Amino acid sequence: MTSFVSVWVSRPGDPPRRADDADRLHAAASTMKLAVLAALYRAADAGTVDLDALVPVVNGFASALGDGTRYQNDRTYDDEDEVWTRLGDAVPARWLARRMIVRSSNLATNVLLDLVGLPAVADAWRCAGAVNSVTARGIEDYAARDAGRDNVVTAADLAALLGALHLGTLAKPESCAEMLDLLAAQEWRQDLALGVPAGVRIAHKNGWMTGVRHSAGLVTPPDAEPYVIAVCTTSRGVPPPDYDERACRHIAELSAEAWRDRVLP
């Protein structure tokens with residue numbers, strides 16, 4: 001497969017056991033939703049957001065440009081439909097968080113991002129120990145994207161965020177545990193999760209768009225210490241039609257290698 005591939009494998013909070021081009025920047029795709037989730041729960045811990053309070057489900061958002069430009073989500077570009085059926089209603093923030101993670105709802109993401117704000121997401125990245133990843137705009141904020149405001153991640157930073165959740169340092173321990181439970185309920189399991197045996201807990205989030213496929217997760221084996229694995233893949237040039245399928249297979253292979261090495265010190 002002709003692509004840039006970045007890999008990080010480690011025990012949470014430890015130096016990497018494997019780090020291949022792990023600081024390379026990749027377009028974030030939906031892995032940016034990890035930082036939005038962390039920002040939401042950190043706000044709940046601080047008392048500025050009530051996860052059970054009702055939040056209006058709207059499809060109109062202020063651009064990150066801050067010049068009055070507004071944008072909307074395209075329903076056909078979203079991989080989750082249930083949030084769209086609640087458009088015009090109000091639902092708990094906690095419910096939106098679940099749809100953002102388990103089905104990767106773009107609409108839920110932008111509603112929650114509007115609730116917590118971009119600075120809170122940046123703070124979540126930094127508090128996780130991430131040094132290069134940036135969430136600069138909402139999903140489909142094309143005006144901001146065209147002005148150079150890109151959402152980018154690295155494998156090392158995705159691993160750092162998951163490690164901080166496991167260690168309970170990114171939010172209150174009970175909030176970190178709840179976030180990991182959400183990630184363990186992930187329904188898109190066609191990449192990283194295929195590399196571990198059925199029934200093994202893997203709390204993970206993936207992301208994809210044309211020429212991009214990433215996945216990062218915390219694996220909890222029954223016979224070894226938990227470990228974090230993050231893989232980011234980006235096509236070199238125009239991706240072939242089967243790029244995503246091949247990338248999923250490659251990520252699953254890397255996940256299987258990490259699983260086989262799980263008992264190593």
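The structure displayed is predicted, hence computed values, not measured ones. Only heavy atoms go into these numbers, but all of them, side chains included; no hydrogens, no water, no symmetry mates.
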Salt bridge (Lys or Arg N to Asp or Glu O under 4.0 Å) partners of [X], counting only residues at least two apart:
| X | value |
| --- | --- |
| Glu257 | Arg18 |
| Asp223 | Arg262 |
| Asp146 | none |
| Asp14 | none |

**Asked** If Ile, Leu, Val, Met, Phe, Trp and Tyr residues are connected whenever their side-chain heavy atoms lie under 4.5 Å apart, and connections chain through other members, are Leu161 and Ile101 in the same group?
**Response** yes
**Request:** Would you mind listing every ring pair (Phe, Tyr, Trp, His ring centres under 6.0 Å) that reaches into residues 10-39, with sequence neighbours excluded?
**Result:** His26-His214
**Message:** Arg249: which residues meet the side chain to side chain donor-acceptor pair (under 3.5 Å) condition with it, sequence neighbours left out?
**Reply:**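 With sequence neighbours excluded, Arg249 shows a side chain to side chain donor-acceptor pair (under 3.5 Å) to no residue whatsoever.
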**Item:** Pairing of Arg75 and Asp78 as salt bridge, 4.0 angstrom limit
**Value:** no
**Salt bridge Glu187-Arg103, side-chain N to carboxylate O under 4.0 Å** =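 A salt bridge links Glu187 with Arg103.
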**Asked** Distance under 6.0 Å and angle within 45° of the ring axis: does Arg17 meet both against Trp8?
**Response**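 Checked: cation-pi criterion not met.
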**Request:** Report yes or no: is the cationic atom of Arg236 (NZ for Lys, CZ for Arg) closer than 6.0 Å to the six-membered ring centre of Phe4, at no more than 45° off its axis?
**Result:**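 Output yes; distance and angle both within limits.
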Could you work out the complete set of other residues in the hydrophobic cluster of [X], with links drawn between I, L, V, M, F, W and Y side chains under 4.5 Å apart?
| X | value |
| --- | --- |
| Val152 | Leu25, Val134 |
| Leu54 | none |
| Trp188 | Trp208 |

Are the side chains of [X] and [Y] in touch, meaning some heavy atoms are under 4.5 Å apart?
| X | Y | result |
| --- | --- | --- |
| Tyr71 | Arg145 | no |
| Asn59 | Trp84 | yes |
| Glu140 | Gln72 | no |
| Leu183 | His204 | no |
| Thr210 | Pro239 | yes |
| Asn206 | Arg213 | yes |

Donor-acceptor contacts under 3.5 Å from residues 30-41 side chains, at least two apart:
residue, atom, partner, partner atom, Å
Ser30, OG, Lys33, NZ, 2.9
Ser30, OG, Ser104, OG, 3.3
Thr31, OG1, Ala28, O, 2.6
Lys33, NZ, Ser104, O, 2.7
Lys33, NZ, Ser104, OG, 2.9
Lys33, NZ, Asn106, OD1, 2.9
Tyr41, OH, Glu178, OE2, 2.7

**Item:** Under 3.5 Å side-chain donor-acceptor pair for Ser63 and Tyr142
**Value:** no
**Message:** Run Glu82 and Trp95 through side chain to side chain contact (heavy atoms under 4.5 Å, CB included) and show every step you take.
**Reply:** CA-CA 11 Å; Glu82 191 169 346; Trp95 183 82; 3.7 Å; yes
Once you round to the nearest 0.5 Å, how far does [atom1] of [X] lie from [atom2] of [Y]?
| X | Y | atom1 | atom2 | answer |
| --- | --- | --- | --- | --- |
| Leu113 | Ile139 | CG | CD1 | 8.5 Å |
| Asp244 | Asp191 | CG | CG | 8.5 Å |
| Ser255 | Arg260 | OG | CZ | 9.5 Å |

Extract all donor-acceptor atom pairs below 3.5 Å that involve side chains of residues 115-125 and protein atoms in other chains or at least two apart in sequence.
residue, atom, partner, partner atom, Å
Asp123, OD2, Arg42, NH2, 2.7
Trp125, NE1, Thr135, OG1, 2.9

**Item:** Selection residues 157-168 - residue pairs positive for side-chain hydrogen bond (donor to acceptor under 3.5 Å, both in side chains), sequence neighbours left out
**Value:** Ser133-Asp157, Thr154-Asp157
